[in-house]
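For reference, the structure is listed below as structure tokens.
To find a chain, count down the sequence lines: A is the first, B the second, and so on, and within it residues start at 1.
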Amino acid sequence: MGAIARDLDIGVPDDFKRHKGWVGQVMEHALGAESGSAAAPDFPRLGVELKTLPVDARGVPLESTYVCTAPLDGSMSTRWEDAWVRRKLSHVLWVPVSGARGTSPGEREVGAPFLWQPSVEEDALLRDDWEAFRELILLGELWQIDAHLGEALQMRPKGADSKSRTWAIDDEGRWVQSMPMGFYLRASFTRTLLGAESGDPEARS
DNA sequence: CAATGATCATCC
DNA sequence: GGATGATCATTG
């Protein structure tokens with residue numbers, strides 16, 4: 001990663017404490033992704049999202065993967081087919097980047113990227129989780145939501161800090177201020193995507 | 001504030 | 001050691 005960044009005249013930080021998105025930014029630049037912070041795919045003409053995936057030396061994901069914000073204001077779609085989460089995950093170019101926690105950004109190593117489209121089974125798994133979250137969100141039962149829910153997809157806070165607030169609708173239909181939440185893919189799920197690539201039979205099970 | 005990009009810090 | 005909840009930077 002350090003060599004790639006230097007080629008692109010991008011600075012190489014000593015750690016991620018204040019540069020959490022650095023790997024993703026460098027890869028976007030390196031691969032010619034266009035969108036920046038816009039709500040569009042990284043490769044608009046291809047409809048492909050780019051996601052880096054931190055993995056350890058064995059190729060096992062170390063972190064969950066952010067997908068998108070969860071709308072808590074009643075604007076969430078009713079059908080999975082229309083879900084923003086689903087669109088974002090319909091075509092993903094995964095770029096594994098190795099380095100255990102503590103490995104400096106410049107020392108991280110890029111692995112073999114692979115283009116992924118959810119299989120029928122994966123789509124169904126994501127759909128089940130999403131529909132359960134949809135129920136809680138649309139019923140306004142936000143207090144029931146935490147990161148323990150969901151087999152593949154989970155919901156976690158997604159704000160500048162714990163004081164961040166967004167508008168939501170509670171269980172009696174009232175507008176309330178609530179913590180912004182996002183959808184994330186569990187590391188256990190992304191691990192199954194890498195399994196077929198790793199050559200490790202155990203990783204596929 | 002919300003979208004993009006994620007990892008950190010701490011608890012279990 | 002892994003997962004949860006918190007946090008950091010940047011852009012429009």
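Distance, D42(A) CG to dT11(C) P: 16 Å, rounded to whole Å. If you measure from atom CG of L62(A) to atom P of dT7(B), you get 9 Å, rounded to the nearest angstrom. Atom CE in M1(A) sits about 12 Å away from atom C1' in dA6(B), given to the nearest Å. To the nearest angstrom, P of dG1(C) lies 12 Å from CG of D56(A). Remark: C1' of dT4(B) and CG of L50(A) are 12 Å apart, rounded to the nearest angstrom. Rounding to whole angstrom units, CZ of residue R58(A) and C1' of dG1(C) are separated by 11 Å. Rounded to whole Å, the distance from NE2 on H19(A) to P on dT11(C) is 14 Å. In this structure, CG of D73(A) is placed 15 Å from P of dC1(B), rounded to the nearest angstrom.
Pairs engaging residues 168-181 of chain A under the salt bridge (Lys or Arg N to Asp or Glu O under 4.0 Å) rule: D170(A)-R174(A), E172(A)-R174(A) [sequence neighbours left out]. Applying the ring-ring contact (aromatic ring centres under 6.0 Å, His included) test to pairs two or more places apart or on separate chains, those with a residue in residues 44-77 of chain A are Y66(A)-Y184(A). Applying the side chain to side chain donor-acceptor pair (under 3.5 Å) test to pairs two or more places apart or on separate chains, those with a residue in residues 95-114 of chain A are E63(A)-R101(A). A side chain to side chain donor-acceptor pair (under 3.5 Å) check over residues 19-33 of chain A, counting only residues at least two apart or in different chains, returns nothing. Under the ring-ring contact (aromatic ring centres under 6.0 Å, His included) criterion, no residue pair touches residues 145-173 of chain A, with sequence neighbours excluded.
In the hydrophobic clustering of ILVMFWY residues, with side-chain heavy atoms under 4.5 Å counting as a link, W143(A) and L138(A) come out apart. V60(A) and V110(A) sit in two unconnected hydrophobic clusters of ILVMFWY residues. Membership requires side-chain heavy atoms under 4.5 Å apart, directly or through other members.
Of all non-hydrogen atoms in D14(A) and P105(A), the two that sit nearest each other are O-CD, 3.5 Å. Shortest non-hydrogen contact noted between V97(A) and M1(A) is CG1-CG, 4.1 Å.
The phosphate of dA9(C) has neither OP1 nor OP2 within less than 4.0 Å of any side-chain N or O from Q25(A). For T69(A), a side-chain nitrogen or oxygen approaches OP1 or OP2 of dA3(B) to under 4.0 Å. At the phosphate of dT4(B), OP1 or OP2 sits under 4.0 Å from a side-chain N or O atom of Y66(A). OP1 or OP2 of dA6(B) sits under 4.0 Å from a side-chain N or O of T52(A). Checking the phosphate oxygens (OP1, OP2) of dA6(B), no side-chain nitrogen or oxygen of S64(A) falls inside 4.0 Å.
Partners of E151(A) under the side chain to side chain donor-acceptor pair (under 3.5 Å) rule, at least two apart in sequence or in another chain, do not exist in this structure. Applying the side chain to side chain donor-acceptor pair (under 3.5 Å) criterion to R86(A), with sequence neighbours excluded, gives D123(A).
Near-neighbour residues of DNA chain C inside residues 142-152 of chain A, defined by a heavy atom below 4.0 Å, number-ordered: D146(A), A147(A), H148(A). Listed by residue number, the members of residues 165-187 of chain A with any heavy atom below 4.0 angstrom from DNA chain C are M179(A), R186(A).
The environment of CG in D161(A) is crowded: more than 12 heavy-atom neighbours from other residues, nucleotides or ligands sit within 6.0 Å.
Judged by atom type and distance alone, K158(A) reaches the base of dG5(B) through a side-chain donor-acceptor pair under 3.5 Å.
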Report, one pair per line, the protein and nucleotides 8-12 of chain B atoms (nitrogen or oxygen only) whose separation is under 3.5 Å.
from	atom 1	to	atom 2	distance (Å)
dC8(B)	O4'	K20(A)	NZ	3.1
dC8(B)	N4	E63(A)	OE1	3.2
dA9(B)	N7	R101(A)	NH1	2.8
dA9(B)	N6	R101(A)	NH2	3.3

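Side-chain contact annotation: R156(A) with S64(A), donor-acceptor N/O pair under 3.5 Å present.
Backbone-only contact: K88(A) has heavy atoms under 4.0 Å from sugar-phosphate atoms and none from a base. G24(A) comes within 4.0 angstrom of the backbone, heavy atoms only, and of no base. Nucleic acid contact class of T65(A) (heavy atoms, under 4.0 Å, all strands): none.
Nearer to the 5' terminus of DNA chain B, by closest-nucleotide assignment, is the contact made by C68(A) (compared with the other of C68(A) and V23(A)).
One end of the helix from dC1(B)-dG12(C) to dC12(B)-dG1(C) points its axis 30° away from the other end's axis, with each axis taken from 5 pairs and the angle rounded to 10°.
Hydrophobic cluster of L139(A): no remaining members, since no ILVMFWY side chain lies below 4.5 Å from it.
Of the inter-residue distances, the one linking I137(A) atom CD1 with S178(A) atom OG reads 10.0 Å to the nearest 0.5 angstrom.
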